[in-house]
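What follows is one structure encoded as structure tokens, with my remarks underneath.
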Amino acid sequence: MTQRRESRTQVGIVGAGPAGLVLAKLLDLAGVEAVVLEARDRGYVEARVRAGVLEAPTVELLREMGVAGRLEREGMPHTGISLRFAEAPGAPAQDHRIDFADLVGTGITVYGQQEVVKDLLADRVDDAGLPVEFGVADLALHDVDSDAPSITWTDADGADRVLHCDVIAGCDGFHGVSRPLVAPDIAERVYPFSWLGVLAKAAPTTDELVYAHHDDGFALYSMRSPEVTRLYVQVPNDTDPSDWSDARIWDALHTRLACDGFTINEGEFIEKPSVTPMRSMVASPMRRGRLFLAGDAAHIVPPTGAKGMNLAIADVRVLADAVVRALREGDDAGLAAYSDTCLRRVWRAEHFSWFMTSMLHRFDPATEGGDAFGVGLQRSQLRYTVTSRAAATSLAENYVGLPHGAV
Ligand code: FAS
Ligand code: PHB
């Protein structure tokens with residue numbers, strides 16, 4: 001190993017997304033030292049527009065961690081969502097509200113992922129002066145099968161660095177370097193469509209999210225604030241967002257979200273439209289020696305169930321407890337059970353996200369999911385979900401988030 005500037009900590013965290021930053025905070029609250037290493041710069045990480053829905057357990061955890069001040073002020077609590085669909089081909093779409101408060105006694109909070117990241121970075125870097133290294137390059141993990149793993153990288157000033165740790169948390173997302181090192185078994189499903197997402201400077205015309213099933217394709221009406229609407233339309237895989245003019249996007253939204261009395265305010269797109277492929281992936285195990293995967297590094301869900309970020313946070317809550325137990329009490333039982341513990345919740349979220357995605361999206365009519373029988377099954381599932389209290393309760397408890405540790 002070339003001459004490097006050496007340092008040491010207890011937990012080396014790769015990635016300053018929701019998983020890495022929540023883990024760092026949980027460890028700090030427990031008196032365990034950690035260093036966060038992030039490839040991008042702070043501005044990029046704070047500007048990245050992604051998830052928008054916080055599950056009830058996520059909000060509760062952020063409150064307990066003492067980082068929910070702005071979330072309490074600016075987050076938008078929602079007690080339900082609407083499913084919008086036509087009961088038969090050619091019939092007008094109708095709205096059906098799933099009342100979370102009535103069904104499961106709690107709800108969700110709409111608050112952008114980038115806001116959560118900003119709050120966590122402000123708390124860690126600005127308020128507590130704790131280390132997050134931005135702009136790290138050529139990061140590599142070493143000796144993860146030993147009890148003295150380390151991380152090397154080139155820092156933003158071009159210096160060669162090495163961090164000696166007791167544990168490494170691979171919170172580096174789907175494209176990170178950690179999962180390949182674990183070389184886990186991979187279970188995956190790639191869906192035959194993507195989402196084109198836009199953020200519009202336009203006041204939302206509804207208080208809650210609307211998930212629309214339409215012959216032309218799925219659409220989702222969400223929001224970020226009383227002034228900003230977040231909208232998605234289903235598009236073919238490999239869609240180039242530049243092929244979708246603003247007018248074409250608005251036209252698709254008006255068509256797919258059409259319903260008696262419903263209007264959409266148009267406005268300037270604050271962000272360039274982006275296309276996100278729909279995929280499910282689970283890596284098992286989520287561990288190799290002293291390297292532990294968390295969040296998108298270990299699993300991916302289609303965003304239809306609003307699970308991605310919430311699942312990442314649930315992983316690191318388990319990991320933080322296990323690491324503290326091991327480093328403070330010398331009891332590795334939590335670390336040994338980490339992967340199995342997380343994978344139970346991961347698979348529950350994978351199934352729910354697959355359920356919502358399969359029920360709401362338009363599949364190719366030439367395929368099983370998209371032929372007349374497939375669409376008939378979708379309409380039947382939608383109708384059952386909005387007319388059966390048992391079915392609606394099942395959707396509600398999964399959507400608001402099962403309590404941490406309950407799965
Ligand atoms: P993240 O990907 O957020 O963070 C990983 C971090 O590691 C990044 O900051 C990255 O720069 C860093 N990193 C990577 N490699 C590194 C290396 N070698 N060295 C150092 N750092 C490295 N979820 C929803 O619930 N709803 C949505 O609408 C939604 N939309 C999404 C849209 C897009 C385009 C994407 C990609 C994801 C979306 N998701 C959505 C899922 C998303 O919210 C993730 O679940 C969430 O970001 C997971 O958080 P992390 O696991 O922390 O991973
Ligand atoms: C969002 O607001 O970005 C959002 C909401 C619900 C989803 C996916 C994305 O299922």
Side-chain angles (χ1 to χ4, degrees), residues 12-24 36-42 44-55 58 76 78 81 108-114 116-117 120-121 132-141 151-155 169-181 194-199 204 208-211 218 220-225 228-232 241 271 273-279 281 293-316 349 352-353 356-357 360 399 401:
I13 299 173
V14 185
L21 293 173
V22 168
L23 176 61
V36 181
L37 302 171
E38 166 57 48
R40 312 301 293 244
D41 64 38
R42 179 170 180 174
Y44 180 91
V45 169
E46 290 188 338
R48 201 167 33 194
V49 176
R50 281 182 168 170
V53 168
L54 302 185
E55 292 179 343
T58 298
M76 296 180 283
H78 287 196
I81 59 171
I108 56 158
T109 300
V110 172
Y111 189 69
Q113 173 174 322
Q114 71 274 30
V116 175
V117 167
L120 289 162
L121 282 173
V132 176
E133 288 253 358
F134 291 101
V136 311
D138 310 320
L139 183 138
L141 310 179
I151 306 173
T152 57
W153 73 96
T154 305
D155 70 18
C171 302
D172 44 351
F174 183 67
H175 302 290
V177 297
S178 300
R179 186 175 64 254
L181 194 59
S194 297
W195 280 12
L196 182 146
V198 294
L199 208 56
E208 295 179 335
L209 276 62
V210 179
Y211 288 77
F218 169 79
L220 171 60
Y221 191 102
S222 184
M223 63 288 292
R224 284 292 177 275
S225 74
V228 177
T229 307
R230 177 66 161 157
L231 301 140
Y232 298 93
E271 289 270 320
S274 63
V275 173
T276 303
M278 295 293 110
R279 66 157 62 96
M281 183 280 292
L293 304 179
D296 277 17
H299 42 73
I300 293 287
V301 284
T304 330
K307 291 296 151 212
M309 172 174 59
N310 295 291
L311 209 43
I313 292 172
D315 284 348
V316 294
F352 178 66
S353 304
M356 291 286 279
T357 302
L360 286 160
Y399 195 96

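When a ligand or atom number is given, it counts from 1 through the structure's own listing order.
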Could you tell me if the side chain of [Y] sits less than 4.5 Å from the side chain of [X], heavy atoms only?
| X | Y | value |
| --- | --- | --- |
| T304 | W195 | yes |
| L181 | V177 | no |
| R224 | P204 | no |
| L209 | V110 | yes |
| L231 | Y221 | yes |
| M281 | R179 | yes |
| T58 | V116 | no |
| M309 | R50 | no |

key: Euclidean distance, I313 CD1 relative to E55 CD, rounded to 0.5 Å   =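 One gets 9.0 Å once the value is rounded to the nearest 0.5 Å.
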
Margin query: Could you measure the distance from the CZ atom of F174 to the CD1 atom of I300? Nearest 0.5 Å is fine.
Written below: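 So the gap between those two atoms works out to 5.5 Å.
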
So, for [X] and [Y], which heavy atoms are closest and what is the spacing to 0.1 Å?
| X | Y | value |
| --- | --- | --- |
| D315 | G295 | OD2-N, 2.8 Å |
| E208 | I81 | OE1-N, 4.0 Å |
| C171 | V316 | SG-CG1, 4.4 Å |
| V53 | N310 | O-ND2, 2.9 Å |

Among all protein non-hydrogen atoms, which one is nearest to [atom], and what is the separation to 0.1 Å?
| atom | result |
| --- | --- |
| atom 1 (C) of ligand 2 | R224 NH2, 3.4 Å |
| atom 20 (C) of ligand 1 | A39 N, 3.2 Å |
| atom 5 (C) of ligand 1 | C171 O, 3.4 Å |
| atom 49 (O) of ligand 1 | P18 CD, 3.5 Å |
| atom 2 (O) of ligand 2 | S222 OG, 2.6 Å |
| atom 16 (C) of ligand 1 | D172 CB, 3.8 Å |
| atom 4 (O) of ligand 1 | G17 CA, 3.6 Å |
| atom 25 (O) of ligand 1 | G308 N, 3.3 Å |
| atom 35 (C) of ligand 1 | R50 NE, 3.3 Å |
| atom 8 (C) of ligand 2 | P303 O, 3.2 Å |
| atom 28 (O) of ligand 1 | Y232 OH, 3.4 Å |

Evaluating non-hydrogen atoms only, which member of [options] is closest to [atom]?
| atom | options | value |
| --- | --- | --- |
| atom 50 (P) of ligand 1 | G52, A19, P277 | A19 |
| atom 12 (C) of ligand 1 | Q114, R48, E38, R40 | E38 |
| atom 40 (C) of ligand 1 | G20, A51, A16 | A51 |
| atom 43 (O) of ligand 1 | H175, Q113, M309 | Q113 |
| atom 9 (C) of ligand 2 | Y232, Y211, Y399 | Y232 |

With heavy-atom distances below 4.0 Å as the criterion, list the atoms of ligand 1 near [X].
| X | answer |
| --- | --- |
| L37 | 20 (C), 21 (N) |
| G176 | 15 (N) |
| G173 | 2 (O), 5 (C), 53 (O) |
| P303 | 26 (N), 27 (C), 28 (O), 29 (C) |
| G295 | 51 (O) |
| V14 | 19 (N), 20 (C) |

TODO: Measure the distances from the heavy atoms of M356 to every atom of ligand 2 and state whether one is below 4.0 angstrom.
DONE: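 In this structure, M356 fails to qualify as a contact of ligand 2 - no heavy atom is under 4.0 Å.
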
Run the contact test for Y221 against ligand 2 with a 4.0 Å cut-off on heavy atoms, strictly below, and give the result.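 Under 4.0 Å: no for Y221.
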
Notebook entry, point to check: Does some non-hydrogen atom of A306 fall short of 4.0 Å from ligand 1?
Noted result: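 A306 counts as a contact of ligand 1 under the 4.0 Å cut-off.
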
Of the side chain and backbone of A306, name the one, both, or neither that has a heavy atom under 4.0 Å from an atom of ligand 2.
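Both the backbone and the side chain of A306 come within reach of ligand 2.
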
What part of V110, side chain, backbone, both or neither, has a heavy atom within less than 4.0 angstrom of ligand 2?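 Contact part for V110 vs ligand 2: neither.
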
Quick one: sort the Y211 and Y399 rings into parallel, tilted or perpendicular, breaks at 30° and 60°.
->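 Answer is perpendicular, since the angle exceeds 60°.
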
(message) Treating D172 as the side-chain partner and V14 as the backbone partner, does any N or O pair qualify as donor plus acceptor under 3.5 Å?
(response)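 Answer holds: no.
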
Notebook entry, point to check: How would you list, by chain and number, every residue that makes a salt bridge (Lys or Arg N to Asp or Glu O under 4.0 Å) with R40, sequence neighbours excluded?
Noted result: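 Here no residue qualifies.
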
Before signing off on this row, confirm whether W195 and ligand 2 have an N or O atom pair separated by under 3.5 Å.
->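 Min N/O separation from ligand 2 is not below 3.5 Å for W195.
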
TODO: Pick one of side chain, backbone, both or neither for how T276 approaches ligand 1, counting any non-hydrogen atom pair under 4.0 Å.
DONE: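 The side chain, only.
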
Suppose I only count heavy atoms of L209 and a 4.0 Å limit; which atoms of ligand 2 are within that range?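 Answer for ligand 2: 5 (C), 6 (C).
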
